[in-house]
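Below is one structure, written out as structure tokens; comments come after it.
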Amino acid sequence: MPNTVNTAEIQALDSAHFLHPFTDFQDLNARGAKVITRADGIYIWDSEGNRLLDAMSGLWCVSVGYGRKELADAAYQQMLTLPYYNSFFQTTNVPAATLAAKLASLAPKVDGRGFEHVFYSCSGSESNDSNVRMVRRYWDLLGQPQRKVIISRHNGYHGSTMAAASLSGMSGMHAQGDLPIPNITHIEQPYGVKNALPGESADAFGLRAAGWLEAKILEVGPDKVAAFIGEPVQGAGGVIIPPATYWPEIQRIVDKYGILLISDEVICAFGRLGHWFAYEKFGYKPDLVTFAKGVTSGYIPLGGVLVGDRVAKVLIEKGGEFNHGYTYSGHPVACAVALANIAIMERENLVERVRTDIGPYLAEKYSALNEHPLVAHAETCGFVAGLVLVKNKQTGEVFDENLSVGMLCRKHCFANGLVMRAVGDRMIIAPPLVMTHAQIDKMVALILLCLDLTWQELKAAGHV
Ligand code: PXG
């Protein structure tokens with residue numbers, strides 16, 4: 001396809017008018033944003049004609065890959081039929097009702113408890129705001145209005161609206177805008193590299209990390225705690241995969257104190273970990289499940305919450321009017337695209353493929369990266385993966401933060417046609433679920449090349 005975009009012109013418009021999310025505006029304006037012009041399969045192209053293998057699926061969302069005509073057709077047809085109608089005043093639409101039923105059928109029941117209801121939004125952030133509203137309403141309706149506190153984790157990410165940013169455990173976010181809002185508090189994350197004791201086994205660490213929840217419940221007062229929220233695997237925090245003992249112990253603790261459990265699966269649902277919903281993989285029983293991103297493969301904004309039966313029953317039977325919702329709750333075009341996206345995933349068996357084929361294949365390839373002198377803890381879970389860049393493999397010594405080693409590695413990735421994300425000194429990927437074995441080989445070869453180039457640059461500067 002000919003390159004018809006004038007890069008300098010778009011960059012000038014961009015720096016003059018577009019305030020980007022999570023961006024140092026001056027810094028970006030000095031560099032000029034990379035202009036992404038098109039995409040196909042697992043590749044994106046910039047305005048200079050460079051092709052990049054997108055190992056981040058956009059931002060953890062383009063599960064079925066780029067260029068799926070079926071999704072464009074679904075949007076087009078729905079726009080012609082019914083582009084918009086609200087669902088506030090006793091009306092519904094065909095895609096929203098159909099998708100709600102489909103999601104209910106995809107969410108596995110645990111111990112007889114399922115998810116027969118869905119509350120729609122447009123994003124993960126809004127969905128988590130809805131969670132806060134639903135959790136508080138639930139306890140009010142049960143005559144326990146003092147249960148207000150929601151416990152979350154440091155370095156967790158739950159979005160960027162006021163409530164979602166408060167649930168998030170990112171200190172940089174809290175420092176701007178007087179966050180967290182009241183009645184949200186945090187515990188430490190189950191990140192063994194940072195928080196395990198010397199010689200402590202992963203299983204023992206998982207139990208100890210879950211124990212921080214019980215300690216916090218006791219500190220706050222068990223009768224004041226409303227819910228605990230966590231990502232099955234922490235995504236934006238750097239692909240932090242908890243030990244196998246962690247989630248079952250969290251479940252035991254929330255059961256013991258009778259508090260609600262929110263599984264934020266904005267990244268982990270829709271096949272990313274080899275299951276439609278990730279709570280199934282880790283064997284816990286959430287009351288609310290946040291979703292977004294993968295539900296439409298990012299082709300159009302859609303988010304929502306799977307509302308578990310015990311919460312739904314109270315909201316429906318005792319609730320009266322629930323004074324909460326969005327103009328675009330149950331947007332017909334977004335829901336039609338989601339249905340088409342799920343149809344592709346079912347037809348191509350993508351969820352099972354992650355579980356039994358490409359997930360294990362990626363795990364095998366990734367474990368070999370542990371041989372690299374710069375790498376520690378290369379590990380995968382389903383189709384996400386992370387590794388730590390270390391100064392000394394034997395001792396586990398990390399680099400001085402000021403060296404921004406992750407960003408250095410990311411620079412080499414971009415220059416060599418690979419999109420990989422750096423979170424501090426962790427390099428992470430979440431590739432499209434349609435990758436072939438040959439494409440996985442190619443991606444891992446590119447990762448190795450970029451690790452080598454990073455190593456050489458650090459060596460030349462005397463840092464290793
Ligand atoms: N929960 C989780 C677990 C997420 O990963 C959100 C909520 C918020 O979703 P919205 O749609 O409001 O953005 C997310 C979003 C990153 C990065 O740097 C990750 C996200 C968003 C932006 C950047 O990895 N995840």
Side-chain angles (χ1 to χ4, degrees), residues 20-24 54-63 119-132 150 152-173 179-180 184 186 189-190 227-242 261-270 272-273 277-279 282 286 288-306 326 328-329 331 334 337-338 381-386 406-407 410 413 419-431:
H20 290 233
F22 282 86
T23 294
D24 176 334
D54 184 9
M56 276 307 296
S57 303
L59 201 44
W60 318 85
C61 41
V62 188
S63 304
F119 194 92
Y120 288 117
S121 74
C122 300
S123 68
S125 302
E126 286 177 353
S127 304
N128 281 326
D129 277 43
S130 295
N131 276 330
V132 174
I150 301 180
S152 178
R153 300 179 299 186
H154 293 301
N155 201 35
Y157 189 74
H158 300 292
S160 200
T161 50
M162 292 295 276
S166 299
L167 293 171
S168 297
M170 310 290 190
S171 51
M173 292 171 76
L179 301 177
I184 290 175
H186 298 81
Q189 60 180 333
F228 173 71
I229 183 169
E231 301 156 78
V233 167
Q234 286 165 259
V239 180
I240 312 294
I241 305 165
L261 178 56
I262 309 169
S263 187
D264 184 345
E265 305 205 4
V266 165
I267 285 175
C268 295
F270 296 101
R272 180 56 59 196
L273 302 190
F277 293 98
Y279 65 83
F282 291 106
L288 298 154
V289 179
T290 322
F291 65 88
K293 295 189 189 274
V295 65
T296 58
S297 283
Y299 276 58
I300 197 163
L302 179 67
V305 180
L306 297 183
Y326 309 102
Y328 299 123
S329 292
H331 194 289
V337 172
C381 185
F383 224 45
V384 292
M407 295 311 275
R410 199 186 73 143
C413 293
V419 181
M420 199 178 185
R421 176 126 158 53
V423 180
D425 49 11
R426 286 186 72 80
M427 298 306 296
I428 60 177
I429 56 166

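Position 1 is the first residue of the sequence; numbering continues from there. Indexing begins at 1, ligand by ligand and atom by atom, following the structure's order. Here the structure is a predicted model, which means the values were calculated and not measured.
- Nearest to atom 5 (O) of ligand 1 among the protein's heavy atoms is I267 CD1, 3.2 Å.
- Protein heavy atom nearest atom 18 (O) of ligand 1, with residue, atom name and distance: R421 NH2, 2.2 Å.
- Heavy-atom contacts from other residues, nucleotides or ligands closer than 6.0 Å to OH of Y328 number 12 or fewer.
- At a heavy-atom distance under 4.0 Å, only side-chain atoms of W60, from C-beta outward, approach ligand 1.
- Of the protein's non-hydrogen atoms, S125 OG, 2.5 Å is the one closest to atom 12 (O) of ligand 1.
- If you check which protein heavy atom lies closest to atom 22 (C) of ligand 1, you get L59 CD2, 3.4 Å.
- Proximity of E231 to ligand 1, defined as any heavy-atom pair under 4.0 Å, is confined to the side chain (atoms from C-beta onward).
- Under 4.0 angstrom from ligand 1, the non-hydrogen atoms of K293 all belong to its side chain.
- Nearest protein neighbour of atom 3 (C) of ligand 1, counting heavy atoms only, is Y157 O, 3.2 Å.
- The shortest distance between side-chain heavy atoms of R272 and I267 falls below 4.5 Å.
- Heavy atoms of E126 stay at 4.0 angstrom or farther from ligand 1.
- Annotation: side chain of K293 is not in contact with side chain of S63 (no heavy-atom distance under 4.5 Å).
- No side-chain heavy atom of H331 sits less than 4.5 Å from a side-chain heavy atom of C122.
- Using a 4.5 Å heavy-atom cutoff, the side chains of I184 and L167 are in contact.
- Of all atoms in ligand 1, numbered sequentially from 1 with element shown, those under 4.0 Å from a heavy atom of S123 are 11 (O), 12 (O).
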Chi angles and distances behind the side chain to side chain donor-acceptor pair (under 3.5 Å) call for S121, S127: CA-CA 6 Å; S121 74; S127 304; 2.7 Å; yes

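- Closest protein heavy atom to atom 1 (N) of ligand 1: D264 OD2, 2.8 Å.
- Environment of CZ in R410: sparse, with no more than 12 heavy atoms of neighbouring residues, nucleotides or ligands closer than 6.0 Å.
- With a heavy-atom cut-off of 4.0 Å, A292 does not touch ligand 1 at all.
- Between Y120 and F291, the ring planes are perpendicular. Angles over 60° get that label, and only those under 30° would be called parallel.
- Of the heavy atoms in T290, none comes closer than 4.0 Å to ligand 1.
- The shortest side-chain heavy-atom distance between P242 and V233 falls under the 4.5 Å cut-off.
- At least one N or O atom of G124 sits closer than 3.5 Å to an N or O atom of ligand 1.
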